[in-house]
Amino acid sequence: MQSTRMLRLSGALLAFTGIALGAFGAHALRSILAPPLLEVWHTGVEYQLWNAMGLIGLGGWNGVDMRGPGRLIGGGVLVFSGSLYVLALTGAHWLGAVTPLGGLAMLAGWAWVGWKGVRAPSE
């Protein structure tokens, strides 16, 4: 099924970039950013990596179409973590108002996964 491949690929790309961004933060940004902004960066990386693993797991869920929830989760990660990365680098605190929208998208995606899981036929 094509959707499971895309979920696995999306999760792998988010994991790859999350690890790279985590290393960048730990090494290159440690001496540049103030500790509170470095913590903001770390939060973005953490949420990105957890959701990446979740998308990879959804890619193994055969027989249930997880494209919709996967798109919500992936888009939520881009908005949530992306806004935190930009906030950390620029100090643009107005992005703090955008970040929760990504969080809501991730929550909605995972709630949708739960709903689909309950409604899926038993194996």
Side-chain angles (χ1 to χ4, degrees):
M1 178 182 245
Q2 189 66 19
S3 65
T4 58
R5 285 184 178 166
M6 282 307 290
L7 286 167
R8 290 190 300 254
L9 176 61
S10 298
L13 289 172
L14 283 175
F16 178 89
T17 57
I19 292 167
L21 290 167
F24 181 69
H27 298 288
L29 297 179
R30 183 175 33 172
S31 62
I32 298 171
L33 294 181
L37 291 177
L38 198 54
E39 184 61 31
V40 167
W41 184 274
H42 175 75
T43 299
V45 169
E46 186 176 353
Y47 276 77
Q48 181 173 340
L49 289 173
W50 279 113
N51 283 281
M53 296 300 103
L55 287 177
I56 291 169
L58 286 181
W61 200 339
N62 292 321
V64 180
D65 184 6
M66 291 293 178
R67 285 179 294 191
R71 287 181 184 127
L72 263 178
I73 294 164
V77 168
L78 293 176
V79 172
F80 182 88
S81 294
S83 65
L84 291 179
Y85 299 144
V86 174
L87 188 155
L89 292 174
T90 67
H93 290 284
W94 64 270
L95 285 167
V98 174
T99 306
L101 298 175
L104 287 172
M106 290 185 291
L107 286 169
W110 286 112
W112 195 356
V113 167
W115 181 76
K116 283 182 160 274
V118 167
R119 297 192 40 108
S122 299
E123 294 184 34

*What's the verdict on side chain to side chain contact (heavy atoms under 4.5 Å, CB included) for Y85 and V45, showing C-alpha distance, side-chain angles and the deciding distance?*
CA-CA 9 Å; Y85 299 144; V45 169; 3.7 Å; yes

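Linking ILVMFWY side-chain heavy atoms closer than 4.5 Å, directly or via other members, places L38 and V40 in a single hydrophobic cluster. Both W110 and L49 belong to a common hydrophobic cluster when Ile, Leu, Val, Met, Phe, Trp and Tyr are linked at side-chain heavy-atom distances under 4.5 angstrom. W112 and L55 sit in two unconnected hydrophobic clusters of ILVMFWY residues. Membership requires side-chain heavy atoms under 4.5 Å apart, directly or through other members. Residues V86 and W94 share a hydrophobic cluster, clusters being chains of Ile/Leu/Val/Met/Phe/Trp/Tyr side chains in contact below 4.5 Å. One hydrophobic cluster, built from ILVMFWY side chains closer than 4.5 Å, holds both I19 and L29.
No more than 12 heavy atoms of other residues, nucleotides or ligands shown are found within 6.0 angstrom of OH on Y47.
Residues A15 and A52 share a closest heavy-atom pair of N-CB, 3.5 Å. Residues P69 and V113 approach most closely at CB-CG2, 3.6 Å, considering heavy atoms. Taking both residues in full, the closest heavy atoms of D65 and K116 are given as O-NZ, 2.8 Å, listed atom of the first, atom of the second, then distance.
No donor-acceptor pair closer than 3.5 Å links the side chain of W41 to the backbone N or O of L89. Side-chain atoms of Q48 come within 3.5 Å of backbone atoms of L14 as a donor-acceptor pair (strictly under, hydrogens ignored). A donor-acceptor contact shorter than 3.5 Å is absent between the side chain of S81 and the backbone of L78.
Rounded to the nearest 0.5 Å, atoms CD1 (I56) and CG (L9) are 9.5 Å apart. Note that the NE2 atom of H42 and the CG atom of L21 stand 13.0 Å from one another [nearest 0.5 Å]. Within the model, atoms CZ of R67 and CE of M6 stand 11.0 Å from one another, a figure rounded to the nearest 0.5 Å. Taking CG of L58 as the start and CG of N51 as the end, the distance is 9.5 Å to the nearest 0.5 Å. Distance check, rounded to the nearest 0.5 Å: CG of L84 to CD of E39 gives 10.5 Å. Atoms CZ and CG, on F80 and L104 in that order, are 10.5 Å from each other to the nearest 0.5 Å.
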